[in-house]
Amino acid sequence: MREISRRGSGWDLRTSSGIAPADFCIVATGARNPLRDVGTEMRPHDTCRPWATTFPATRSHRYPLPAALEGYIWIFPRCGHLSIGICGKNEPAASLRQRLERFMTERGIAWKGSAFYSHLLPSLDAGSWHNNRVAGEGWMAVGDAAGLVDPLTGEGLYYAIRSADLAARALLAEVGEVAGKLRQYRETLRRDFAANWNSARGSPSASLWAASCAAP
């Protein structure tokens, strides 16, 4: 998908194969949304970035977390290897990569020559969540494109599937006007996600998580 543009009450969807018409759009582009007029408007502080690699091993490890990291480092076993990575916010991508390399070096994990991969995740603060642009005239956004991920772990698979389900239910609902369907989608998103999101930001467990991440 290269571009979408309004055509009367519908849309023209421009792809590498040509232009296709659509009556309504469900936007599921991820955090790097190239469709600037639809979906969550993410500013730099509304995102976080994970880096990850793999290491040949079959057992998990436990290590203290690095100091002053707004995020976390993970090491967990997969089939025949360990997945090792970092996820952090309000820090340049290169700095997070260096943290992860230093973390592995200090613990004798031979990472040089390993393939690292990274991508961008939504991580909205309270103000951005309150003003989140999840639907508009002729469109709804789901998953990362709607800024919907777990506020502590960055996990987004459940949020993507659930928000897509809610969007489909709203579109198929016996509400006559499109405006009513958009309103229903916003309300069900708030009902399903907002309470958990706000609780995660202000609960004792969230405070403990933040404190443990910042401990030396």
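Since we're looking at a predicted model, the values are computed, not measured. If you read the sequence from its start, that first residue is 1, and numbering goes on from there.
For Glu91 (side chain) and Ala93 (main-chain N/O), no donor-acceptor pair under 3.5 Å exists by modelled atom type. Of the possible polar contacts, one joining the Asn132 side chain to the Ala146 backbone as a donor-acceptor pair under 3.5 Å is found. Checking side-chain atoms of Trp11 against main-chain N and O of Gly138 turns up a donor-acceptor pair under 3.5 Å.
In this structure, Arg107 is positioned above the aromatic face of Phe103, its NZ or CZ under 6.0 Å from the six-membered ring centre and within 45° of the axis.
Under the 4.5 Å side-chain heavy-atom criterion for Ile, Leu, Val, Met, Phe, Trp and Tyr, Ile26 and Phe193 are members of the same hydrophobic cluster. Under a hydrophobic clustering in which Ile, Leu, Val, Met, Phe, Trp and Tyr are joined whenever their side-chain heavy atoms come within less than 4.5 Å, directly or via other members, Val149 and Ile161 fall into different clusters. Linking ILVMFWY side-chain heavy atoms closer than 4.5 Å, directly or via other members, places Leu166 and Val178 in a single hydrophobic cluster. Cluster membership check: Val142 shares its hydrophobic cluster with Phe24, using side-chain heavy-atom separations under 4.5 Å among Ile, Leu, Val, Met, Phe, Trp and Tyr. If you chain together hydrophobic residues whose side chains sit under 4.5 Å apart, Ile75 and Leu96 fall into the same group.
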Fill in: salt bridge (Lys or Arg N to Asp or Glu O under 4.0 Å) between Glu137 and Arg6, intermediate numbers included
CA-CA 10 Å; Glu137 187 177 350; Arg6 290 294 271 172; 3.4 Å; yes

Item to complete: Check step by step if side chain to side chain contact (heavy atoms under 4.5 Å, CB included) holds for Gln98 and Leu100.
Response: CA-CA 5 Å; Gln98 291 168 2; Leu100 183 59; over 6 Å; no

Worksheet item: Would Leu121 and Thr47 count as a side chain to side chain contact (heavy atoms under 4.5 Å, CB included) if you check the C-alpha gap in whole Å, the side-chain angles of each, and the deciding distance to 0.1 Å?
Response: CA-CA 5 Å; Leu121 293 176; Thr47 63; over 6 Å; no

Worksheet item: Does the side chain to side chain contact (heavy atoms under 4.5 Å, CB included) test come out yes or no for Ile19 and Arg14, once each step is laid out?
Response: CA-CA 4 Å; Ile19 299 176; Arg14 187 179 298 276; 3.4 Å; yes

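Once rounded to the nearest 0.5 Å, the distance linking CZ of Arg99 with CE of Met104 reads 14.0 Å. How far CE of Met140 is from CZ of Arg186: 8.5 Å, rounded to the nearest 0.5 Å. We find the OG-CD distance between Ser123 and Glu70 to be 7.0 Å, quoted to the nearest 0.5 Å. The structure places CZ of Arg7 at 8.0 Å from CG of Asp23, a figure rounded to the nearest 0.5 Å. Between the CD1 atom of Ile86 and the OH atom of Tyr72 there is a distance of 10.5 Å, given to the nearest 0.5 Å. If you take OH on Tyr158 and CG on Asp150, they are separated by 11.0 Å, rounding to the nearest 0.5 Å.
In this structure, Glu101 pairs ionically with Arg97, as a charged nitrogen and a carboxylate oxygen lie closer than 4.0 Å.
Taking both residues in full, the closest heavy atoms of Gly39 and Ala141 are given as CA-CB, 3.8 Å, listed atom of the first, atom of the second, then distance. Nearest heavy atom pair, residue Thr40 against residue Gly147, reads OG1-N, 3.2 Å. Here the closest non-hydrogen pair linking Ala28 and Ala145 is CA-CB, 4.2 Å.
Annotation: side chain to side chain donor-acceptor pair (under 3.5 Å) contacts involving residues 162-185, sequence neighbours excluded, comprise Arg162-Asp165, Arg162-Asp192, Asp165-Arg169.
Inspection of the Thr105 and Trp111 side chains reveals an N or O donor paired with an N or O acceptor under 3.5 Å. In summary, the side chains of Ser5 and Asp12 do not present any donor paired with an acceptor at a separation below 3.5 Å, with no hydrogens or angles considered.
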